[in-house]
Chemist: 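The structure's right below; bear with me while I get my questions together.
Heads up: numbering here begins at 1 and tracks the sequence.
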Amino acid sequence: MPEISRSTHIPLILAPAGNKATFLAALAAGADAIYCGLKRFSARSEAKNFTIDELVPLTHLAHDQGKKVYVAFNSILKPGDIDPAGKLLDMLQKYVKPDGLIIQDMSLIELSRQTGFSGELHLSTLANVSFSDALRLVKKDFNDRVVVPRELNVDEIKALAKACPKGLGLEVFIHGALCYGVSGRCYWSSYLGGKSGLRGRCVQPCRRIYEQNNSKERFFSCMDLHLDVLVKALLPVPQVRAWKIEGRKKGAHYVYHTVKAYSMLRDLEKEPQKKAEIKKTAMEYLSYALGRTGTHYNFLPQRLYNPIEVKGQSSSGLFIGRTKGPKHKAYLVPREALLSGDVIRIGYEDEPWHKLYRIGRRVPKKGRMYLEYHPQKAPINDTPVFLTDRREASLDEMIGGLEKTLKEIPTVSVSPSSFSANLPKRLKKKSDVFELNVHRDLRNISSKEHLGLWMNNEKKHSYSHMSLGKTWWWLPPMIWPESEKNVKENIESLLKSGAKYFVANASWQIGLFKANKDLNIWAGPFCNTVNALAIKLLAEIGYKGVIISPELGKADYMILPEQSILPLGIVLSGNWPLCVSRTLADDFKTGTVFNSPKGEQGWVKKYGTDFWVYPNWKLDIRSKKKELIKAGYRMFVNIIEPTPSGVKMKERQGLWNWDIGLK
C-alpha cells in the first residue's frame, strides 16, 4: 500500500472534555477535535459531563473555529434505556449536530438509523475490534471509524490499517489511563458490587493492594500510557485518522498541556531547524500534565514494557511531598509553590484518609501548609501527596476569553423529544430447551451432555473421539492480530470436519466465517448484548441466536425474550472471569491464589496469550432456571473451568446482579 505524503495526512489531535472548563481548555490548546459525554449513557459517568443545553453553544463555538465535536454515547443500553437513549440522540441531531458518536452498543447503529442521525459513527474500544477480518463487517454496518485497543503495538496497528476498507479510519490512544483488563472484557467492578465498567461506573478494584505469597502489592494497577516521541511512528499510516488523549475526568490543566505537547510532536516537520527545541518543550509539557507515571507499554514490539509497576503510585498527579507531623497537626511542605485553586490528592483511593483538597491561598515552595482533617481520619505521617489539577493565570485568561465568546452565541430553546423506538417483532417459534456445558479440554466429559469447547487460538485442535457435528465451538473473547491466522485455520479445519455450531465472543467475529446457511453461529456472552435492537443488528449480520450478557438483573432478563427476534441463551452457572488481560505483573504467579483487601480470593490463568482473572466463587442462577424457561430462554450455559490446586472455591450466593440489577 503506497504511503500518503506527510503533507496530506495530518491526524487529528482528539482531546477529552468532562466539563466546560476542559472543553474550552482543549480549544485554547488548539485541539482539532473534542470528545465529551452526556449526563447519561457515557462510559465515564464520574465525569461531570454535559446536558444538551450546555453542549449546544460549546459545539457551535467549536464549529466556528473549524473543530470537530464527538459525543461519547458508549454505554451498553438496558432494555429500558432504548427510548431515553433514542430521545437524547434525536435531540443531539436537532440541536447539537455533533460530528459523530462514539458507540459501544450495537443498538446505537439502529437508533441512528431511526432518528436520522447525520454524523459519523465511531466504534469505541469497548466494542473490541481487534483483528483485521472484523473491519469489513464494521464498515458494512455504516461505521466510519474504529477506536483500536490500547494493547496493540505499532505493527499490529499497521496490520489493521492495511486491512481497512475504503472509507474506514482508525483512532489510536496515545496518552492516558490504562486499564488492567482489556476494554469491554472487564467485569470486576460489576461482579463485586453491580457497578459496571461497561456503563461507566467502574470503582477501579484493580487499583487496590492485593496479597499473594505474603507479598502485598498493586498487582493489577497500570501506569498511564505515554507514547510521547514514539507517536512519529504513526505519521506514515494514513488510516490512523486521530490521536486520542484519554482523560474525561481530568482537569483543564491536563487537557491543555497534553494537547499542546502532542500538537508539537505531530507538527515537528513544519520547523525542521527547531525540532530538538520543540521536542524538548513538548516533553516538558507532558512531564507537567499531572497524570500518572507513564509507560510506552507494547507500542514498540521490539521493546516491550510491563505497564504494571507494583510498588508505584496508583494515583494521578505530580508528587509534591509527604505529610508530616502528628495526626492532629498534620502538615505538608510542598516541593514547589501551590497556587490558589490548585487541587491536591492526599494518599491513595483505598486508604481511609484519602482526600481531594483545594488550595485556598498560595503556599510557597518549602512552605508549611496545615491540613484540615477530623482527628480520627487524619493521614498517617509520610503519606504521599499529589498535585492533580492546576489553573494557572494564563490558562484562566484564555478560558475566560473563550467564555466571553460563548456568551455571544445566541441561545437555542431545546424542547424534549417525542421519539419512540421501533422495536423488532419478537420471535414466535420456540426451539427446544437444552443445557450446554462449556469445557477447556476433553477430560471428565460425559458423552451424554451437550458439549461446548473453547477453541485454542495458538495451535490446531485434535478432533479424535468426539462428535464434531454436535460440539459447540467457543471462540475466545479477544482475537489479536498475532493469533488471527491460527483462529482462521482452526475454523477452516473444523468446518471441513463437519463442525456446525459456533459461539462468537465479540460481535465482529462472525466476519471470520464465510456465509453458510448450514452454520449455527450464536453471539456469546462476551458480546455484552443486553437489548432487542442490538439483537436485531446481530441477526442482520448472520447470527442465529444470542447468549445474553450475564451482567443483567432479573427485570431485564424477563423482558428480553418478549422483544427478541432471535432465540436466547443465558449463562446459568460457572466460573466467570473478573476480567481478561493481555499483561501480568512480573512477580505475580498464575494458578496461585491471591487475596483482596476485603477477604475475597482469586487466581489468574493464562489461556493462549491472555490472562484470565477469576474469583473463587461461581456465578450461579440455577435456582432461577424455571423462571427463565417460562420467560423464553432456550440455551442454558454452564462454564466449567479447571480450578488450580491450592484454590478453595467458596460456597456463596452467585446471583451477581440478579437481585440488585445492573447499575
Side-chain angles (χ1 to χ4, degrees), residues 43 45 75-81 104-105 126 180-182 184-206 208 435-438 452 474 477 503 505 523-531 534 546-561 568-580 596 598-603 605 612-629 631-633 635-641 643 647 649-663:
S45 64
S75 171
I76 56 172
L77 304 181
K78 299 190 294 183
D81 293 333
Q104 169 194 182
D105 196 305
L126 289 160
Y180 177 74
V182 176
R185 298 291 176 262
C186 186
Y187 308 89
W188 208 324
S189 177
S190 177
Y191 204 78
L192 295 184
K195 294 186 177 181
S196 173
L198 300 177
R199 305 258 302 168
R201 292 168 170 81
C202 179
V203 297
Q204 298 186 324
C206 58
R208 299 173 185 163
E435 283 199 33
L436 180 69
N437 295 331
V438 183
W474 280 54
V503 174
N505 275 297
F526 288 93
C527 291
N528 301 324
T529 308
V530 294
N531 65 67
V546 176
I547 303 170
I548 297 302
S549 167
E551 273 200 275
L552 290 177
K554 175 182 177 179
D556 293 319
Y557 281 136
M558 295 299 120
I559 290 171
L560 276 173
L568 300 182
I570 192 168
V571 179
L572 194 65
S573 72
N575 303 90
W576 187 263
L578 297 174
C579 72
V580 181
S596 82
K598 295 187 177 181
E600 301 110 351
Q601 291 187 333
W603 77 91
K605 178 71 175 178
W612 295 54
V613 183
Y614 291 100
N616 71 331
W617 70 94
K618 294 182 180 181
L619 164 65
D620 188 355
I621 56 170
R622 288 175 296 176
S623 62
K624 314 299 180 183
K625 185 177 178 180
K626 289 183 178 179
E627 291 178 68
L628 292 164
I629 291 174
Y633 288 89
M635 179 194 288
F636 293 90
V637 177
N638 302 298
I639 299 177
I640 301 166
E641 295 286 340
T643 304
V647 174
M649 297 301 292
K650 184 182 291 186
E651 291 294 328
R652 63 178 284 179
Q653 197 174 41
L655 297 180
W656 198 345
N657 294 326
W658 179 273
D659 290 329
I660 63 176
L662 177 62
K663 302 288 195 300

Chemist: How long is the span from the CD1 atom in Ile570 to the OH atom in Tyr633, to the nearest 0.5 Å?
Modeler: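 These two atoms lie 5.0 Å from each other.
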Chemist: Taking atom CG of Leu560 and atom CG of Leu628, what is their separation to the nearest 0.5 Å?
Modeler: 11.0 Å
Chemist: Of all heavy-atom pairs between Val503 and Ala523, which one has the smallest distance, and what is that distance?
Modeler: CG1-C, 4.5 Å
Chemist: Does the side chain to side chain contact (heavy atoms under 4.5 Å, CB included) test come out yes or no for Tyr180 and Val613, once each step is laid out?
Modeler: CA-CA 10 Å; Tyr180 177 74; Val613 183; 3.8 Å; yes
Chemist: In terms of side-chain heavy atoms, does Glu435 have a donor or acceptor partner in Asn638 at a distance below 3.5 Å?
Modeler: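 The answer is yes; a qualifying pair exists.
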Chemist: If every non-hydrogen atom of Pro561 is compared with every non-hydrogen atom of Gly632, which pair is closest and at what distance?
Modeler: CB-CA, 4.0 Å
Chemist: Atom OG of Ser573 and atom CD1 of Ile640: how far apart are they, to the nearest 0.5 Å?
Modeler: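 If I round to the nearest 0.5 Å, the distance is 7.0 Å.
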Chemist: Would Arg208 and Val203 satisfy side chain to side chain contact (heavy atoms under 4.5 Å, CB included), going step by step from the backbone distance to the final call?
Modeler: CA-CA 10 Å; Arg208 299 173 185 163; Val203 297; 4.3 Å; yes
Chemist: Do Met649 and Thr643 touch side chain to side chain, with heavy atoms closer than 4.5 Å?
Modeler: yes
Chemist: Please find the pair of heavy atoms, one from Leu572 and one from Phe636, that lie closest to each other, and give the distance.
Modeler: CD1-CD2, 3.9 Å
Chemist: Ignoring hydrogens and geometry, is there a side-chain-to-backbone donor-acceptor pair from Arg199 to Ile76 under 3.5 Å?
Modeler: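 Confirmed, Arg199 side chain pairs with Ile76 backbone.
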Chemist: Of all heavy-atom pairs between Cys202 and Gly197, which one has the smallest distance, and what is that distance?
Modeler: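 Looking at all heavy atoms of both residues, the shortest contact is CB-CA, 3.9 Å.
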Chemist: Under 3.5 Å, is there a donor on one side chain and an acceptor on the other for Asn531 and Asp81?
Modeler: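 Side-chain D/A pair, Asn531 to Asp81: absent.
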Chemist: Would you kindly check if the NZ (Lys) or CZ (Arg) of Lys605 is within the cone defined by 45 degrees around the ring axis of Tyr614 and under 6.0 Å from the six-membered ring centre?
Modeler: no
Chemist: In the structure I gave you, are the side-chain heavy atoms of Cys186 and Leu578 within less than 4.5 Å of one another anywhere?
Modeler: no
Chemist: Below 6.0 angstrom between ring centroids: does that apply to Trp474 and Phe526?
Modeler: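 No, the ring centres sit 6.0 Å or more apart.
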Chemist: Which value, rounded to the nearest 0.5 Å, describes the distance between Ser596 atom OG and Lys598 atom NZ?
Modeler: 8.0 Å
Chemist: More than 12 foreign heavy atoms under 6.0 Å from NZ of Lys195: is that the case here?
Modeler: no
Chemist: Working to the nearest 0.5 angstrom, can you tell me the gap between Leu619 CG and Leu655 CG?
Modeler: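 With rounding to 0.5 Å, CG (Leu619) is 8.5 Å from CG (Leu655).
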Chemist: Would a 4.5 Å heavy-atom cut-off, applied to side chains only, mark Glu600 and Trp617 as touching?
Modeler: yes
Chemist: Regarding Glu641 and Asn575, do their side chains bring together a donor and an acceptor under 3.5 Å, going by distance alone?
Modeler: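 Note: Glu641 and Asn575 side chains miss the donor-acceptor criterion.
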Chemist: Centroid separation under 6.0 Å, is that true for the rings of Tyr191 and Trp656?
Modeler: yes
Chemist: Could you tell me which residues satisfy side-chain contact (heavy atoms from CB on, under 4.5 Å) with Ile660, sequence neighbours excluded, listed by chain and number?
Modeler: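 With sequence neighbours excluded, Ile660 shows a side-chain contact (heavy atoms from CB on, under 4.5 Å) to Asn657, Lys663, given in chain and number order.
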Chemist: Quick one: which residue pairs count as a side chain to side chain donor-acceptor pair (under 3.5 Å) with a foot in residues 546-555, not counting sequence neighbours?
Modeler: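 Those involving residues 546-555 are Ser190-Glu551, Ser196-Glu551, Lys554-Glu627.
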Chemist: Under the rule for salt bridge (Lys or Arg N to Asp or Glu O under 4.0 Å), what residues qualify as partners of Asp620, not counting sequence neighbours?
Modeler: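 Checked Asp620 against salt bridge (Lys or Arg N to Asp or Glu O under 4.0 Å); matches are Arg622.
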Chemist: Any side-chain heavy-atom pair from Leu568 and Met635 closer than 4.5 angstrom?
Modeler: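 No; the side chains remain at least 4.5 Å from each other.
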Chemist: Roughly how far apart are Cys579 SG and Arg185 CZ, rounded to 0.5 Å?
Modeler: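 Result: 12.0 Å between the selected atoms.
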Chemist: Locate the shortest heavy-atom distance separating Pro577 from Tyr187; write the atom from each residue and the value.
Modeler: O-CD1, 3.9 Å
Chemist: Between Val530 and Asp556, is the side chain to side chain contact (heavy atoms under 4.5 Å, CB included) condition met? List the steps.
Modeler: CA-CA 8 Å; Val530 294; Asp556 293 319; over 6 Å; no
Chemist: Closest approach of Asp105 and Leu77, non-hydrogen atoms and distance?
Modeler: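 Scanning both residues, the minimum pair turns out to be OD2-N, 2.9 Å.
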